[in-house]
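Just so you know, ligand 1 is whichever comes first in the structure, and atom 1 is the first atom listed for that ligand. Every heavy atom of this structure was used, including side-chain atoms; hydrogens, water molecules and symmetry mates were not.
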Amino acid sequence: MQNEMKIYKEQVETATAWLREKIDFTPKVILVLGTGLGAIADLIEDSLVLPYEEIPHFPRSTVTSHAGNLIFGLLGSKEIAVLQGRFHFYEGYSTRELTFPVRVLSLLGPEYLFVSNAAGGLNPAFAAGTLMVVEDHLNFIPDNPLRGPNIDEWGVRFPDFSQTYEPCLRQLAHSCAARLGMIDVVGGTYVAIPGPSLETPAETRFLRNCGADAVGMSTVPEVIVAVHAGLKVLGISMVSNVNDPDNFKPIILEEILEQAKIAESRFQKLVVEILKEL
Ligand code: HPA
């Protein structure tokens, strides 16, 4: 285990050093784009696009709905590093492997991690297209990216998660949404499940009873690494479908992507507005 961690650390440091050579600024924000939300990358100015396969030791995406580019540039007049395409536990990666990009970028010295995802709504007050500012999370992925020897240079052994999603950032997200006239931007708890099988009606009822408002298969591992690295975190879920355990409808990927396309311009406007105000 010690040796495995030593190799991981070396790989992270190699990728970080490689990226440092490519850029002449420190990104202030890391933005992780979720399913169907990748087009915001087209708005980045002065962009440098690096396909994941060019970056040393980066994982490879196995899902067609996720592109695989790291993009540096300016968005909302802020220096930003965008992960266009992420990795998931259901692809077979351990959470340490799938958080490799966030760990690498955290070593470039950013202040913030913004994470986004497409999620299933569990709160019956939500509708398809609702944007949810994440207030807290439940981790039902049976792995933790910090498991194993701790690298003290990167963070403490037992990081605090009492305020995982920075309250000032959440407040800022809501005030930006109000200014943009987005009245259906809500707050809520995200639960991460391992996937790739979608929830049964009984699981949906259980997750709702656990206190979750939205369910997805990502985000929490990246957030755990970011908090360990001392970053301030903002999470935004795009609710693509709402799952009612008493009137359960099939959950169809094409419909998730279709809904993401519809909600995408609102998501983009909100993220750009928040960046401007940072
Ligand atoms: N469940 C899990 N993940 C999802 C869903 C869902 O209903 N919708 C989008 N991602």
Side-chain angles (χ1 to χ4, degrees), residues 31-40 61-67 83-93 95 98-99 114-143 165 184-224 234-268 270-271:
L31 172 62
V32 183
L33 298 177
T35 303
L37 300 172
I40 194 173
S61 180
T62 67
V63 208
T64 49
S65 49
H66 283 252
L83 289 163
Q84 188 189 35
R86 60 145 63 89
F87 306 97
H88 305 82
F89 187 71
Y90 65 72
E91 292 176 78
Y93 292 112
T95 54
L98 72 88
T99 54
F114 288 9
V115 266
S116 61
N117 55 60
L122 302 169
N123 185 331
F126 291 0
T130 297
L131 294 178
M132 183 185 91
V133 177
V134 182
E135 291 174 349
D136 205 347
H137 72 223
L138 290 159
N139 186 22
F140 286 174
I141 295 177
D143 189 17
Y165 299 86
D184 66 338
V185 175
V186 297
T189 296
Y190 175 90
V191 58
I193 55 156
S197 48
L198 287 147
E199 306 77 65
T200 63
E203 287 164 347
T204 300
R205 192 175 290 110
F206 169 79
L207 295 172
R208 179 66 183 146
N209 287 339
C210 287
D213 296 288
V215 53
M217 302 173 189
S218 68
T219 301
V220 170
E222 290 116 314
V223 168
I224 290 173
L234 175 72
I236 301 177
S237 294
M238 189 280 299
V239 176
S240 56
N241 49 291
V242 179
N243 306 332
D244 173 0
D246 298 319
N247 181 23
F248 209 77
K249 305 259 164 54
I251 305 167
I252 298 162
L253 178 69
E254 287 69 27
E255 287 173 13
I256 294 172
L257 295 176
E258 188 57 38
Q259 199 46 244
K261 211 176 274 170
I262 296 167
E264 186 158 35
S265 69
R266 293 164 60 248
F267 167 77
Q268 291 179 2
L270 181 59
V271 170

What pairs meet the side-chain hydrogen bond (donor to acceptor under 3.5 Å, both in side chains) rule with one or both residues in residues 115-134, with sequence neighbours excluded?
N117-T219, N117-S237, N123-D213
About how many Å separate CD1 of I193 and CD of E199, when rounded to the nearest 0.5 Å?
4.0 Å
Side-chain ion pair, D184 and R266, N-O less than 4.0 Å
yes
Closer than 3.5 angstrom, by distance alone: can the side chain of E255 be matched with the main-chain N or O of I252 as a donor-acceptor pair?
no
Between Q259 (side chain) and I256 (backbone), is there a donor-acceptor pair under 3.5 Å?
no
Residue shell for ligand 1, any heavy atom closer than 4.0 Å, reads A118, A119, G120, L198, E199, V215, G216, S240, N241, N243, I251, I256
Quick one, Y165 and V133 - any side-chain contact, counting heavy atoms below 4.5 Å?
no
